[in-house]
Protein chains: 2
Amino acid sequence: MAVRDPAMTDVARLAGVSHQTVSRVLNGHPNVREQTRLRVQAAIAELGYRPNRAARALVTGRSQVIGVVAQNTTLYGPASLLAALEQTAAESGFAVSVGSVRDLDHRSISAVVERHLAHRVAGIVVIAPVESAGEALERLPKDVPLVTVDGDPHRPMPLVTVDQAAGARAATQHLLDAGHRTVWHVSGPSDWFDSAGRIEGWRAALTSAGAEIPPLVPADWSAAAGYRCGQMLARMPDVTAVFTANDHLALGVLRALHEHGRRVPDDISVVGFDDVPEAAYFIPPLTTVRPDFGAVARASLEMLLTQIESVSGGALRRTIAPTLVARRSVGPPPRP
Amino acid sequence: MAVRDPAMTDVARLAGVSHQTVSRVLNGHPNVREQTRLRVQAAIAELGYRPNRAARALVTGRSQVIGVVAQNTTLYGPASLLAALEQTAAESGFAVSVGSVRDLDHRSISAVVERHLAHRVAGIVVIAPVESAGEALERLPKDVPLVTVDGDPHRPMPLVTVDQAAGARAATQHLLDAGHRTVWHVSGPSDWFDSAGRIEGWRAALTSAGAEIPPLVPADWSAAAGYRCGQMLARMPDVTAVFTANDHLALGVLRALHEHGRRVPDDISVVGFDDVPEAAYFIPPLTTVRPDFGAVARASLEMLLTQIESVSGGALRRTIAPTLVARRSVGPPPRP
DNA sequence: AAACCGGGTGTGACCGCTAACAGACAGCGA
DNA sequence: TCGCTGTCTGTTAGCGGTCACACCCGGTTT
């Protein structure tokens, strides 16, 4: 029943010009007389004409869509990144199509990438925080613009990443500066590059301060794991400073410490990573490291767009420095 | 330099059939000889052929993409919903294109919807939790399948929504059952339907229990607001039970109570809403109401697909009941 | 005066696919 | 034997844009 949407020829007929002229007006082509342009624009408005992106994508071979591959988009980090990407892309006239994967293995990633390629997306952003994702990407067709975020620093692909090591160094140093003799680290899953970078930064800070390096406390990203690790740490009287790989872990640690009667920051200091909006309302307010997701999104898109627009590549790597946010969960170590 | 992607005709030539037969194989059309089908599939595999969705979208007039309009996708609720939608859509062979808006006013929403329409999306899901969103939707072209989520219950549009009132009733009743004489409520922003529904449920539960209705404590969705409200509530000795409109508010309230030396649940009981993953690790673990985002996503998509596939509409309204998750933040009122 | 230029516009082909129709060929009842 | 079915396949015409090109025309240049 619905009448066919107006097409370019309809606009052209109404304006008394050819469809090509309409196209020129639409694309801001210079050689159109002002008067003609106005006539065409009036016709467009009158008909409520809306250019068909599918047709455009067909003839140009590329749509104005950017495909994103992500996992676990309910976590604060990925969700923020996704939102920032969408925002930034929209400003450049691109739409964003998300493809979530349950696991970051070769099969899942390829499947989603295939889906994006079938839509002839202009470019793809892969949030690839684990090893297995990297492998999947190497086998991909090489003619589609691609940027990885939080991916493998040792792989020769365009990469934008938060400087995890720098953030971790800052966190650890902050604790050392407060007077602690050493700092324990509750880390994220071992196969994530984020984890690896944070561990590396933590070790580096301790090493360069000549501090003893305590054993790593491995966990995942959840508050539940933080709670378990916290229960252990709470029983160790010589632990006075803990740096957790993210804020959720810190939350779990805080609760465990609280239940064991160890006060924060009087007995133990805690620093997190991510600066989730709630971190300021933990008990006590959490000192943490804030990555700039907006900057990551902007850098990714910029890299993608240079790839899309030209053959010559710009920078292949961009690192975004995070900042430390000091709150009340850090204090000097207890006097013995 | 990149060689043109193989098209249907290339596959056809290699398989020694017409492009139309290739199309038939791709679309699972019945009348194709088994042997031919195999030949075509072999050719597809050999060339690495990938059907061009843009071309398909052009000729059919609809792409296999669903447009989503959302605001503030970094919040836990919207992010979960988005992820669930993506997941569900993928299972039906649809991609999801997100369009975030900063504000849910007429202009912003229309702009994003226009963008989706230009792409000829098959349908649109609008997460429209505030009044101003509803107005924008009424002026939209009526021939595009549309579903609103968490929208205005009084507007005659296809709507899927969490049963906010039921959740709030359950939370309030749970506190009353624990022996509290009445329950205070820290509410979300007044222009959100979610807030309104939760307030309504809270009032209803108190009314039907014959309990006194304390003044509403208005806030927004943030932990910061929860903290401010909590500081006030902590100073009122007769407050023994608080129901907050979401878990972040609860977090803020918990901290304020803690700082004022009021123990939870011994002195005051608290119930939240959303069941964010961290709620189990608040101090103390938070009793809360869990909406089923997966169910919301499934219902939305189902409604959208029936609209897409046929003219006759199915149900115009679906309400998803949330469940109460009991944890340690609720106990009996203190003995006077 | 002929040749040249460049701004403004129209013409036709084509992008890769689907829909509608047409044809070939086998089986089968009349 | 002649239709008449039904299965399988090919042919053709678009969908709504962009691109390459041709055209017209007034103003310079040679």
Side-chain angles (χ1 to χ4, degrees), chain A residues 2-41 43-44 47-65 93 117-122 143, chain B residues 2-41 43-44 47-65 93 117-122 143 308-309:
Chain A
V3 177
R4 197 180 99 267
D5 283 354
M8 233 177 206
T9 49
D10 300 315
V11 176
R13 196 177 318 112
L14 182 60
V17 297
S18 75
H19 63 137
Q20 177 60 356
T21 299
V22 178
S23 170
R24 281 193 265 259
V25 170
L26 248 42
N27 297 311
H29 199 92
N31 293 345
V32 178
R33 210 169 14 143
E34 189 56 23
Q35 187 193 334
T36 314
R37 179 189 314 283
L38 292 175
R39 268 223 314 288
V40 169
Q41 277 162 348
I44 288 177
L47 293 178
Y49 167 73
R50 190 181 298 123
N52 185 330
R53 317 284 280 194
R56 184 179 218 277
L58 175 58
V59 64
T60 60
R62 289 268 109 111
S63 64
Q64 295 274 90
V65 174
L117 291 178
H119 282 277
R120 298 301 187 272
V121 294
D143 55 339
Chain B
V3 177
R4 198 182 98 265
D5 284 354
M8 233 177 207
T9 49
D10 301 314
V11 176
R13 197 176 318 113
L14 181 60
V17 297
S18 76
H19 66 230
Q20 178 62 348
T21 300
V22 177
S23 170
R24 281 192 266 258
V25 170
L26 249 42
N27 297 313
H29 201 91
N31 292 345
V32 179
R33 206 166 21 137
E34 189 57 22
Q35 187 193 334
T36 314
R37 179 188 313 282
L38 291 175
R39 268 220 316 288
V40 169
Q41 277 161 348
I44 288 176
L47 293 178
Y49 167 75
R50 190 182 299 120
N52 185 330
R53 317 282 282 193
R56 183 179 219 278
L58 175 58
V59 65
T60 60
R62 286 269 110 110
S63 65
Q64 295 275 89
V65 174
L117 291 179
H119 282 277
R120 299 300 188 272
V121 294
D143 55 339
I308 290 172
E309 279 156 15

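The chains referred to below are lettered A, B, ... by the order of the sequence lines, with proteins before strands, and numbering in each begins at 1.
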Using atom CD of A:E34 as one end and atom P of C:dT9 as the other, report the distance to the nearest whole Å. 11 Å
Short question: side chain of A:S63, backbone of A:R120 - any donor-acceptor pair under 3.5 Å? yes
Passes side chain to side chain contact (heavy atoms under 4.5 Å, CB included), A:V25 versus A:T36? Steps please. CA-CA 9 Å; A:V25 170; A:T36 314; 5.8 Å; no
Find the distance A:D10:CG to D:dG16:P and express it as a whole number of Å. 8 Å
Considering all heavy atoms of both residues, which atom of B:A54 and which atom of A:A57 are nearest to each other, and what is their separation? CB-CB, 3.9 Å
Which whole-number value in Å describes the distance from A:N31 CG to D:dC23 C1'? 15 Å
Taking only residues at least two apart or on different chains, which pairs with a member in residues 18-31 of chain B satisfy salt bridge (charged side-chain N to carboxylate O under 4.0 Å, His left out)? none
Out of D:dG16, C:dT9, D:dT9, which has the shortest distance to the side chain of A:V32? C:dT9
Considering non-hydrogen atoms only, spot the tightest contact between B:L47 and B:P6 and give its length. O-CG, 3.6 Å
Contact check, residues 47-57 of chain B vs DNA chain D, heavy-atom distance under 4.0 Å, returns none
Heavy-atom closest contact (B:R56 atom, B:N27 atom, distance): NH2-OD1, 3.3 Å
Which heavy atom of B:R39 sits nearest a heavy atom of B:A15, and at what distance? NE-O, 2.9 Å
I need the minimum non-hydrogen distance between A:H19 and A:M8, along with the two atoms involved. O-SD, 3.8 Å
B:R33 vs B:V59, nearer the 5' end of DNA chain D by closest nucleotide: B:R33
Helical bend (five base pairs per end, nearest 10°) for the helix from C:dA1-D:dT30 to C:dA30-D:dT1: 60°
Hey, mind stepping through A:Y49 and A:L14 against side chain to side chain contact (heavy atoms under 4.5 Å, CB included) and telling me if it holds? CA-CA 11 Å; A:Y49 167 73; A:L14 182 60; over 6 Å; no
NA contact type, B:T36, heavy-atom cut-off 4.0 Å: base, sugar-phosphate, or nothing? sugar-phosphate
Would you mind listing every salt bridge (charged side-chain N to carboxylate O under 4.0 Å, His left out) that reaches into residues 7-18 of chain A, with sequence neighbours excluded? A:R4-A:D10, A:D10-A:R13
Under-3.5 Å N/O pairs linking protein and nucleotides 11-13 of chain D:
residue	atom	partner	partner atom	Å
D:dT12	O4	B:H19	NE2	3.2

Can you tell me which residue pairs pass the salt bridge (charged side-chain N to carboxylate O under 4.0 Å, His left out) test with a partner in residues 25-34 of chain A, sequence neighbours excluded? A:E34-A:R37
Rounded distance (Å) that lies between atom P of D:dC8 and atom CD of B:Q35: 12 Å
For a quick test of reading the model, state the closest non-hydrogen atom pair linking A:V40 to A:V11 and the distance between them. O-CG1, 4.1 Å
Give a yes/no on whether any side-chain N or O of A:N27 is located under 4.0 angstrom from OP1 or OP2 of D:dT18. yes
What is the distance, rounded to the nearest whole Å, between atom CD of B:Q64 and atom P of C:dC17? 15 Å
Nearest-Å distance, CG (B:L58) to C1' (C:dT18)? 10 Å
When the distance from CZ of B:R13 to P of D:dT9 is rounded to whole Å, what number comes out? 19 Å
Please report the distance, rounded to the nearest Å, between CZ in B:R62 and P in D:dC15. 16 Å
Looking at D:dT18, I'd like to know if its phosphate oxygens (OP1 or OP2) sit under 4.0 Å from a side-chain N or O belonging to A:S23. yes
